[in-house]
Protein chains: 2
Amino acid sequence: MALRHAVLAALLDGEYSGYQLAKAFDVGVANFWHALPQQLYAELTKLEKEGLVAGRQVVQETRPNKRLFRVTDAGRAELEKFAAAVPKPSFIRDELLVKVQVADRIGTAPVIEQLEERASAAEAKIELLGELLRRMRGDADEEEFLRRGERIGPYLTCLRGLAFEQEHRDWCLRIAAVLKERQSTHAER
Amino acid sequence: MALRHAVLAALLDGEYSGYQLAKAFDVGVANFWHALPQQLYAELTKLEKEGLVAGRQVVQETRPNKRLFRVTDAGRAELEKFAAAVPKPSFIRDELLVKVQVADRIGTAPVIEQLEERASAAEAKIELLGELLRRMRGDADEEEFLRRGERIGPYLTCLRGLAFEQEHRDWCLRIAAVLKERQSTHAER
DNA sequence: TATGACTAGTCATTTTCTTGAGTATAATGC
DNA sequence: GCATTATACTCAAGAAAATGACTAGTCATA
């Protein structure tokens, strides 16, 4: 019951099609959740049936028709109920961590490579998020924006995304360095 | 196909029962994955059927009998294959983030409370992980340990857990402060 | 002019995760 | 002495997520 709320949250800022949502939920512009297109289409259908969102058909000449969705009052009420409920704890769940856990017992080389790839992926996302944040706050500096900005929710979640990616990158680089160092000093078994 | 590898990884350090694994996977000592007891028991059964782990019955007088599992050669090979495969990207998936995303549009008060609760939960875990790390490295300082320590895998994943929790705590406190400040300056709608 | 990428979805299946309940004994705490 | 917690599991059901395949038109590019 969490994807539904993520969808409602994303839809709170305006009308979007399933396709548009899918992009946002995929690339990570939406730093607060992640889902595949199929999940989103399915969820939108369910939400519409329950009256939490309302869709309207938009006929397009040159592109396939699409359906734009917006949150209804019932949807907003549902979100409010959700916000008041106790949240489930969040966990890291990362395949790379599993690999690092055993890296010193099995082959280190591929893990080092993956750590470095991850680090540069994180770097790219850091750039992207930095740009996004700059655009969101406009001329104001951060403090100012956070005090007086109109819509700070997305900014705050992006901040978390940014901090997460920075931590992620730093850890990857550090661990890669540690494993490399050991690779050269210890004899490979 | 990731839980199986997490289980194999956890089992690599010795023989454990499903019950013991469940504790490790629950509390977060295992900072590289999370799972419920039922999943673990089921996974162990499957892994045994496939010959990736081997279990042996240990008869106990005073406690219920238990089954201890260890990784077989086939299991180790499977882990190696896994380590070499391209890893899936990791995502944050946190209900609290969804709430923060919409916090400025709906009720802020409960979200602030939840942020502060999260922060203190993170604080507690930080303590725990710090203690764990200290115990793992013994007398040596970190640099030293990472260069020459026997088994650094678990240490490295704990480091990530620690950094994650610190970032988590800092963000929660910062956002709670921002939302509070706005609550007092803006008129609540 | 074929190739692939982009828009805008749908359908079906499988895997994974979560929730809830139940069994049985033993040690510990009030 | 009675309640709680800890050990050690099992079974079933349901929700959520991931995987894969498919439709169908448009646009840019090589």
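Every value quoted in this text rests on a predicted model; they were computed, and no experiment measured them. All chains are named by letter (A, B, ...) in the order of the sequence lines, taking the proteins before the strands, and each is independently numbered beginning at 1.
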Considering only side-chain heavy atoms of [X], which listed nucleotide, [options], is closest?
X     : options               : result
B:Q38 : C:dG9, D:dC11, D:dC9  : D:dC11
A:T62 : D:dT7, D:dA17, D:dC27 : D:dC27
A:R63 : D:dA18, C:dT7, C:dT18 : C:dT7

Rounded distance in Å - [atom1] ([X]) to [atom2] ([N]):
X     : N      : atom1 : atom2 : value
B:F69 : D:dA8  : CZ    : P     : 13 Å
B:K66 : D:dA6  : NZ    : P     : 17 Å
A:E61 : D:dT26 : CD    : C1'   : 13 Å
B:L40 : D:dC9  : CG    : P     : 12 Å
A:L68 : C:dG9  : CG    : C1'   : 13 Å
B:L36 : C:dT15 : CG    : C1'   : 16 Å
B:R4  : C:dC17 : CZ    : P     : 12 Å
B:Y41 : D:dT7  : OH    : P     : 10 Å

So, B:R105 and A:D13, do they make that salt bridge, N to O below 4.0 Å?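 Between A:D13 and B:R105 there is a salt bridge, with a charged N closer than 4.0 Å to a carboxylate O.
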Cationic N near anionic O, under 4.0 Å, B:E50 to B:K46: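 Salt bridge flag = no for B:K46 with B:E50.
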Main-chain N/O of [Y] paired with [X] side-chain donor or acceptor, under 3.5 Å:
X      : Y      : result
A:D104 : B:I152 : yes
A:Q114 : B:A85  : yes
A:E181 : A:V178 : no

With a cut-off of less than 4.0 Å, is there a side-chain N or O of [X] near OP1 or OP2 of [N]?
X     : N      : value
B:K88 : D:dT19 : yes
A:R93 : C:dC17 : yes
B:S17 : D:dT7  : no
B:K23 : D:dA8  : no
A:Y19 : C:dT7  : yes

Classify the nucleic acid contact of B:Q60 as base, sugar-phosphate or nothing, counting any heavy atom under 4.0 Å across all strands shown.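 Sugar-phosphate only.
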